[in-house]
Amino acid sequence: EAAPKKEFKVAWSIYVGWMPWGYAADHGIVKKWADKYGIKIDVTQFNDYVESMNQYTAGAFDAVTLTNMDGLSIPAAGGVDTTAVIVGDFSNGNDAIILKNKDKLADIKGQNVNLVEFSVSEYLLVRALESAGMTEKDVKVVNTSDADMVAAYKTKDVTAVVTWNPLVSTIMQEPDAKKVFDSSKIPGEIIDLMVANSATLKDNPDFGKALAGIWYDTMKLMTADSDEGKAARTAMGQASGTDLKGFEAQMAATKLFDKPADALAFTNSPELPKTMDHVRTFLFSKGLLGNGAPSADVIGIEMPDGTVLGDKGNVKLRFATTYMDAAAKGAL
Amino acid sequence: MRWINVRPSSGMRLTLAVAPFLIVLAAYVAGSAARLADNANDKLLPGLSSFVDAINRMAFVPDGRSGQILLWADTAASLTRLFSGIGIAVAIALVIGMLIGMLPTMRALLAPFVAAVSMVPPLALLPILFIVMGLGEASKIALIAIGVTPIMIRDLALKAIELPREQIIKAETLGGSSWQIALRVVLPQILPRLIDTLRLQIGPAWLFLIAAEAISSEAGLGYRIFLVRRYLAMDVIFPYVLWITLLAVGTDYILNRLRIGIFPWSELEKNT
Amino acid sequence: MRWINVRPSSGMRLTLAVAPFLIVLAAYVAGSAARLADNANDKLLPGLSSFVDAINRMAFVPDGRSGQILLWADTAASLTRLFSGIGIAVAIALVIGMLIGMLPTMRALLAPFVAAVSMVPPLALLPILFIVMGLGEASKIALIAIGVTPIMIRDLALKAIELPREQIIKAETLGGSSWQIALRVVLPQILPRLIDTLRLQIGPAWLFLIAAEAISSEAGLGYRIFLVRRYLAMDVIFPYVLWITLLAVGTDYILNRLRIGIFPWSELEKNT
Amino acid sequence: MSAITIDKVWKEYGDQIVLEDISIEIEDRAFVALVGPSGCGKTTFLRMLLGQEQATRGTILLDGTPLPPEPGPDRGVVFQRYSVFPHLTVLGNVLIGKEMTAARYSGRLFGAARKAAIEEAKALIAEVGLSHALDKYPAQLSGGMQQRLALAQALIMKPKVLLLDEPFGALDPGIRAEIHTLMKRLWHENPMTVVMVTHDMREAFTLATRVVAFERLRDRPEEKLRYGATISRDIPIWPPRRAGEPSLIRPDRDGPVQKGQ
Amino acid sequence: MSAITIDKVWKEYGDQIVLEDISIEIEDRAFVALVGPSGCGKTTFLRMLLGQEQATRGTILLDGTPLPPEPGPDRGVVFQRYSVFPHLTVLGNVLIGKEMTAARYSGRLFGAARKAAIEEAKALIAEVGLSHALDKYPAQLSGGMQQRLALAQALIMKPKVLLLDEPFGALDPGIRAEIHTLMKRLWHENPMTVVMVTHDMREAFTLATRVVAFERLRDRPEEKLRYGATISRDIPIWPPRRAGEPSLIRPDRDGPVQKGQ
Ligand SMILES: Nc1ncnc2c1ncn2[C@@H]1O[C@H](COP(=O)(O)OP(=O)(O)OP(=O)(O)O)[C@@H](O)[C@H]1O
Ligand SMILES: Nc1ncnc2c1ncn2[C@@H]1O[C@H](COP(=O)(O)OP(=O)(O)OP(=O)(O)O)[C@@H](O)[C@H]1O
Ligand SMILES: [Mg+2]
Ligand SMILES: [Mg+2]
């Protein structure tokens, strides 16, 4: 058998919950852990989130940051067996539905809604509409690039947008912007992950351990109430194009799992399979689980306890607690 | 015999012309087979049968959600925007290009400005465009127009300036006013060149169209490409790109035929 | 007197040339003041003082995170990519353009393929490019090269074909082989035209650069614009766009000077 | 009437004096041939008559009134090249003058007015021998045919003055001879004064009533800037040629010039 | 030696027969002037001698061996236009032939070899009277100077055969006369056979040892496709001109031709 792979490539994109990866790469934390396990980890920043997932799915990267929903619809549906190494945070208000001059969710009925189609925004919208007894048929979705969402909101004909931070906070600065629904109302459903190729992990589990080590090291620094922590947050803020204040506001709307134990509790909770069921139903209704997929069951999702949601013979997305567990036990 | 003197026969020429296309196709098929052998669900280089599926789905079966046949709906939306944008660009370029080319005062006023504006990357100023024009069709058409107009203006102004001075003087001795000279001497000689300029700008126009549709849209070839890019559906993207290429090549061909048909003298001039 | 015969004096010309720039500036200041009166935090059209702030921050104060001065770091990164991409495009276009222009066999083989490829919108095929070339500098440079090469090839091939047949025959009677004719007759006459072609492609090259930097990068003028666009930080975007425009205009000017300096005969030819 | 009075005319370009103190009276219906070495200012002089350039000093009068400062329909012109419009057919090229003077905004004629103009144009085209090529474009005509077309195009305006700048310089000798005959006939038949620049002495003496030579009398390098060209000779043809009258003494002289002569 | 034998040569373009059954012997050091109406195939004939076109039937021999099927350094050529390289100076234009034959890959000479070549080129440039313009580009030369340069450029290769296609057709008469004198001298002094196409009969008789006329004998429209041009006349000049020898009977005849003649 060939010697295990020693060099790994990790992709991340600019988002509050993922900024630690860039900081860790810049400040030697990545190198520290890679050296410890005698491997090399190359961290690449993407400005375009979709492209980072596509590159991972096509095999150019071994690990990538993405949401639970995109993990299912892109790599998993693309046949790449993917394992969630770290459950980093869930969106707790970071994603929101904003109406112009209207303050009730029910007012969205009949409006054009600008959002990134097939993204967590659309998922949030569907969940919000459900909660108000509507369906997507009650609104008209207009695909709009996230980079231009802020400018789009400022135009007259845009009256409803669904988007995420930092765009939400920028838009909320407009006097007529009213947040009518946000992800804190569906807590734990929009999860930000660091996933890696299952085969790669199996080949060299040290890679997963290193990722966990990097993450929790950086977390400690980032959440510290010290000057060092502040400096780290300032740097991350600048890297995402804002400043300390803006960045801390975004962090406030994110439920960061800065301690491995919290992440473990969340991942092992019975809520997770429920969430994933919502997600896969949504994706299936959009045709995103593969063309001609007969049901939402085509892709198997394995939970930490070994139970599988969907087709047991085609498990492509796995929630593993191995690495977070090791971190919690200090066994890295 | 020197290589420069070796002329392939006409049968040989056809073979040679087809060869690179076949090579690319073969390389694709091989690459796709290799990747599919690794991962049967690979999306980057789908097999030919996936294309057949995707083309069938996009071009012949009505979409479940809207009931439209997506490829045609997208094509109609995109071409409408493209030709509106190009049409506006042509109209503006014709007027301003002729003003710059004919009137020294206008040349002094506008030529440096147009030269500077032609170097501004329009994609970077999209937010302003949206806020001024809204997110609808207007801003997409405007982006195309803004993207191609300055270069067309410069090109047409140059052509107008290049008209032999003798012709303008001759026209003056025939009693022409500035307006009449513009209408009867300069304009008709600029028009065939306008078509040539236009042909060169079809590529850039498509680029701007795709960029605009990527930002906000509900239909269009660029919209579809960027939408399905979200799940790396290359089985849709490849046929769409091919289709765009065909449309562009076709437009190019038709415009050239049009020029020869409407301005037969311009073809005579070229041959002399 | 007819409008076409009215020639402004040279002082007048200068005034006229400056006028449109001043008008745009005035319109901006007025628009900005109006919006700021409505909403003091308006980000779309910031006041001039915000620009001074932003320019100071970007161009003179080192960034807290990296210790670099961002504008210069971005400029260095972008220009390196731009010129690498253009350099590769030039090299390829020169070789293939000359092959197509000089050898009938190569023309039969490559001309139709290049014509088709020049119509493919490269932005739509970005994922493939990134997989093949990786995400480093290579793919950004490649996008620029892919974007501008086909048009440059077509242009240069055309110029090579347009060389009077008499010159080639003359060179043959002077004992030239295909290689020598390429080297001593065709190449030197193509080079000044290459520079002109290049100047026309600077605009598109910037477009592709910005598009590439928008997808994955850690520095670069396009990267910065897309990064701050999320916050609608027009106080940074405007100066950056202006700076890109200045760089493009400067490159254009320098290339033209270069052509006249290196190939003085090309300027003589133009005047005859 | 179409007499031209040139009185103490100077022409300078910046520091360079091109023409120096030119005075000449050109009588009505004269045919003046302007000769002189290359660069001496013949074209510049013609341009001033045309109104395309203004004299730096001095006055130019046409029938006693100062020339308008730009070209107009009272003065026709034929250049060596670019004298016809490539985008118009033979008929279109001759018609355009009529159309532009008649229709101020559209520059086109319709209906009966158009028919009348076409008749007139066709007659003129027949005179220059291009009836068989009515619908051809200039690119389909030989050089000689193009110059004949340019003459017809200018003549339809019935200009008082016809200015020719080396109009036949680019033609083959045989064709040049033919067009000389035509030119002579047109001058005899139309009430106009002709000023023609030429390099060809034989052409000058074959056609003109008067041959005027321009020359820089002081042409040493250091003098080039300070002195311009002046009229160095002014030779009336003898026996005199007069428009509309056969030559008294050698009646055949003004007949067709033979090929290859 | 450089005698040319043309034996029963036909040239067809597709269905159109351009040249029909041409046979002619051109002796060593002859100066053949080729005349004939436009479009009769003179240039086509020259192209076949050059190797640029192949005869459809028949053979062309140079000193008894068949012509190679492409142009080469044994045959020099001067066209009416585009005969010099616009990107090279006068010196560069004359040097390039030496350089390309000597340096197979770089097409350039260096050091002593370059110096020697420059000397040779300068001598030749002096012969055609361009010594004062060594570093000028063609765009800075007059038409006559360009054609003289083209001659020097061709002569440095010491071609067996020099082919001229209306080389002086675009020049002014005065300049043409000067260049005729030069041409005559060059032909006397260099061991080569010259074939020159011209439209100008006087030029033909001034320079040639033999004037050959091509003509389509059957030129009715329906015959145009089926019959080509043939040699209709072949006139030796009398008294004979011989390369390197002054004329026996009128020794001044081959002296300088006067301006304007
Ligand atoms: N627009 C101009 N600006 C400056 N100098 C000019 C201009 N036009 C002509 N000249 C100069 O005026 C002089 C006379 O030029 P012009 O064209 O009148 O000569 P010409 O007698 O017509 O010569 P040719 O016989 O070669 O046509 C030349 O030295 C020329 O350089
Ligand atoms: N490549 C070609 N293909 C087809 N026909 C050709 C080609 N070259 C020349 N011809 C035809 O051959 C005939 C002779 O042409 P050629 O150029 O030899 O005439 P020429 O005697 O040199 O005329 P001129 O005096 O006008 O230069 C013409 O009818 C021309 O149309
Ligand atoms: Mg002149
Ligand atoms: Mg010929």
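Given the structure is predicted, the values throughout are model-derived calculations rather than measurements. By convention in this document, chain letters (A, B, ...) are assigned in the order of the sequence lines, proteins followed by strands, and residues within each chain are numbered from 1.
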**Q** Could you check which of B:I225, B:L207, B:V249 has the highest count of heavy-atom pairs closer than 4.5 Å to chain C?
**A**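 Looking at each option in turn, the highest pair count goes to B:L207.
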
**Q** Within this structure, what is the CZ-CG distance for the pair B:R2 and C:L103, rounded to the nearest 0.5 Å?
**A**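 Result: 12.5 Å between the selected atoms.
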
**Q** Let me know if B:V117 has heavy atoms under 4.5 Å from chain C in its side chain, its backbone, both or neither.
**A**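 No part of B:V117 comes within 4.5 Å of chain C.
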
**Q** What option among C:A17, C:A211, C:A115, C:G147 has the most heavy-atom pairs under 4.5 Å with chain B?
**A**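 Top count of heavy-atom pairs under 4.5 Å with chain B: C:A17.
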
**Q** To the nearest 0.5 Å, what is the distance between CD1 on B:I202 and OG on C:S118?
**A**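 Atom-to-atom, B:I202:CD1 and C:S118:OG are 10.5 Å apart.
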
**Q** Where on C:I181 is there a heavy atom nearer than 4.5 Å to chain B: the side chain, the backbone, both, or neither?
**A**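 For C:I181, side-chain heavy atoms alone lie under 4.5 Å from chain B.
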
**Q** Is there side-chain contact between B:V6 and C:P104, with heavy atoms separated by less than 4.5 Å?
**A**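 They are not in contact (no side-chain heavy atoms under 4.5 Å apart), so the answer is no.
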
**Q** Relative to chain B, which segment of C:V18 carries a heavy atom at a distance below 4.5 Å: side chain, backbone, both, or neither?
**A**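 The answer is neither part of C:V18.
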
**Q** Return the CH2 to CE distance between C:W3 and B:M106, rounded to the nearest 0.5 Å.
**A**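 One finds 7.5 Å between CH2 of C:W3 and CE of B:M106.
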
**Q** What are the two closest heavy atoms between B:P20 and C:L109, and how far apart are they?
**A**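 Result for this residue pair: CG-O, 3.1 Å.
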
**Q** Check each atom of B:T105 against the heavy atoms of chain C and say whether the ones under 4.5 Å are side chain, backbone, both or neither.
**A**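 Contact with chain C involves both backbone and side-chain atoms of B:T105.
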
**Q** Of all of B:A19, B:G176, B:P204, which one pairs up most often with chain C through heavy atoms under 4.5 Å apart?
**A**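 Between B:A19, B:G176, B:P204, the count favours B:G176.
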
**Q** I'd like to verify something: which residue of B:I237, B:L44, B:I210 has the highest number of heavy-atom pairs under 4.5 Å with chain C?
**A**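 When all of B:I237, B:L44, B:I210 are compared, B:L44 has the most.
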
**Q** For B:L246, is it the side chain, the backbone, both, or neither that has a heavy atom closer than 4.5 Å to a heavy atom of chain C?
**A**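 Neither part; nothing is under 4.5 Å.
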
**Q** Would you mind checking which part of C:P112 comes under 4.5 Å of any heavy atom in chain B, side chain (CB onward), backbone (N, CA, C, O), both or neither?
**A**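 Both parts, heavy atoms under 4.5 Å.
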
**Q** Pick one of side chain, backbone, both or neither for B:L247, based on which atoms fall under 4.5 Å of a heavy atom in chain C.
**A**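 Neither the backbone nor the side chain of B:L247 comes within 4.5 Å of chain C.
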
**Q** Counting only heavy atoms closer than 4.5 Å, note whether C:A116 contacts chain B via side chain, backbone, both or neither.
**A**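 It is both, since atoms from each part get that close.
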
**Q** Which atoms of C:L45 come close to chain B, meaning under 4.5 Å heavy atom to heavy atom: side chain ones, backbone ones, both, or neither?
**A**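 Only the side chain of C:L45 comes within 4.5 Å of chain B.
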
**Q** Return the CD to CD1 distance between B:E172 and C:I4, rounded to the nearest 0.5 Å.
**A**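 It comes to 4.0 Å.
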
**Q** So which residue, C:L14, C:T15, C:L125, C:L110, ends up with the most heavy-atom pairs under 4.5 Å with chain B?
**A**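 That would be C:L125.
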
**Q** In terms of heavy-atom proximity below 4.5 Å to chain B, should C:L242 be classed as side chain, backbone, both, or neither?
**A**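 It is neither, since no heavy atom gets under 4.5 Å.
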
**Q** Mind checking the CZ-CZ spacing from B:R107 to C:R7? Nearest 0.5 Å is all I need.
**A**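 If I round to the nearest 0.5 Å, the distance is 7.0 Å.
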
**Q** Which bit of B:F208 comes within less than 4.5 Å of chain C, counting heavy atoms only: side chain, backbone, both or neither?
**A**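 Contact with chain C is through the side chain of B:F208 alone.
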
**Q** What distance separates B:F113 CZ from C:L16 CG, expressed to the nearest 0.5 Å?
**A**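 Rounded to the nearest 0.5 Å, the CZ-CG separation comes out at 14.0 Å.
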
**Q** Picking from C:A124, C:G203, C:G222, C:A111, which has the most non-hydrogen pairs under 4.5 angstrom with chain B?
**A**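 If we count pairs closer than 4.5 Å to chain B, C:A124 comes out on top.
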
**Q** Does atom OH (C:Y253) have a neighbourhood of more than 12 heavy atoms from anything else shown, all under 6.0 Å?
**A**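 No, the 6.0 Å shell around OH holds no more than 12 heavy atoms from other groups.
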
**Q** Which bit of C:F238 is near chain B, if near means a heavy-atom gap under 4.5 Å: side chain, backbone, both or neither?
**A**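 For C:F238, the side chain is the part near chain B, not the backbone.
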
